[in-house]
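Throughout, numbering of the chain's residues begins at 1 and tracks the sequence.
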Amino acid sequence: MQYFIKPILLKNIEKEEYLMADFTFRHQNEATDSVTVNFSIEGNELYKKIDSLVISSSSVAFATKRIELLFNEKSKRGYVSRYTTKVSQNDMRHLFGQGTWDYTIYNETLSNSFLPTPKSKKTISAINNNLFILM
């Protein structure tokens, strides 16, 4: 089975920046299954390079350094930077089991954290209860 989870909105509390994350994966009950995580950052800053991404919750945390830039473009809020990476399906399943996420991006000069909006927390819970809990 192949699944696509529509973009989930996260917001940087300190800046007027937004991160939209979407997920694509095939579920085959194999330990090697992975999830493609695509994410867009929209705001005043142009992100030409991200060195690592840490996704965490109260009991789960994992990091990836294999992040590929897909494109940068201008937008109404400034810029949109689109990236892709892969993470373990098992890690993602555990993450969806938690209500609050923290996406932290790092590069040479900064670290920015993004948290889900109240509506996104409800979406995360619904996805967990209707999809991941069944796996």
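- In this structure, CZ in Phe25 is found 9.0 Å from CE in Met92, a value given to the nearest 0.5 Å.
- Between the CZ atom in Phe114 and the CD1 atom in Ile55 there is a gap of 12.5 Å [rounded to 0.5 Å].
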Item to check | side-chain hydrogen bond (donor to acceptor under 3.5 Å, both in side chains) assessment of Glu16 paired with Tyr18 | outcome: CA-CA 7 Å; Glu16 196 64 24; Tyr18 300 89; 2.6 Å; yes

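- Using a 4.5 Å heavy-atom cutoff, the side chains of Leu53 and Tyr103 are in contact.
- Residues Phe96 and Ile5 meet the side-chain proximity criterion, which asks for heavy atoms closer than 4.5 Å.
- His94 approaches Val60 most closely through the heavy-atom pair CB-CG2, 3.7 Å.
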Item to check | Chi angles and distances behind the side-chain hydrogen bond (donor to acceptor under 3.5 Å, both in side chains) call for Ser40, Asn38 | outcome: CA-CA 7 Å; Ser40 299; Asn38 296 312; over 6 Å; no

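- Residue Tyr47 holds its OH atom at 15.5 Å from CZ of Arg82, rounded to the nearest 0.5 Å.
- Side-chain contact check for Ile127 versus Thr123: some heavy-atom pair is nearer than 4.5 Å.
- Hydrophobic cluster membership is shared by Leu69 and Val37, with clusters built from Ile, Leu, Val, Met, Phe, Trp and Tyr side chains linked at under 4.5 angstrom.
- Counting only N and O atoms by type, the side chains of Thr117 and Lys11 include no donor and acceptor under 3.5 Å apart.
- Looking at heavy atoms from C-beta onward, Leu9 lies out of side-chain contact with Lys119 at the 4.5 angstrom threshold.
- Leu10 approaches Ala21 most closely through the heavy-atom pair CD1-CB, 4.4 Å.
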Which side-chain N or O atoms in residues 70-80 pair as donor and acceptor under 3.5 Å with protein atoms at least two apart or in another chain?
from  : atom 1 : to    : atom 2 : distance (Å)
Asn72 : OD1    : Ser81 : OG     : 2.6
Ser75 : OG     : Glu42 : OE2    : 3.1
Ser75 : OG     : Arg77 : N      : 3.3
Ser75 : OG     : Gly78 : N      : 3.4

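- Atoms CD and CD1, from Glu17 and Ile41 in turn, are 7.0 Å apart once rounded to the nearest 0.5 Å.
- Residues Phe62 and Leu95 have side chains in contact (heavy-atom distance under 4.5 Å, counting atoms from C-beta outward).
- Contact detail for Asn128 and Arg93: the closest heavy-atom pair is OD1-O, 4.4 Å.
- The pair Asp51-Arg66 does not meet the salt-bridge criterion, since no charged nitrogen lies less than 4.0 angstrom from a carboxylate oxygen.
- Using a 4.5 Å heavy-atom cutoff, the side chains of Ile8 and Trp101 are in contact.
- Within the 4.5 Å cutoff, side-chain heavy atoms of Lys65 are placed close to those of Ser52.
- Remark: Phe39 pairs with Tyr83 by the ring-ring contact (aromatic ring centres under 6.0 Å, His included) rule, at least two apart or across chains.
- From Ile50, atom CD1 reaches atom CG of Leu110 across 8.5 Å, with rounding to the nearest 0.5 Å.
- Remark: Asp102 engages Ser56, Thr104, Ser113, Leu115 in a side-chain contact (heavy atoms from CB on, under 4.5 Å) (not counting sequence neighbours).
- For the pair Glu14 and Asn112, the minimum side-chain heavy-atom distance is 4.5 Å or more.
- The line from OG1 of Thr109 to NZ of Lys49 is 11.0 Å long, rounded to the nearest 0.5 Å.
- Here the closest non-hydrogen pair linking Thr24 and Gln2 is CG2-NE2, 4.0 Å.
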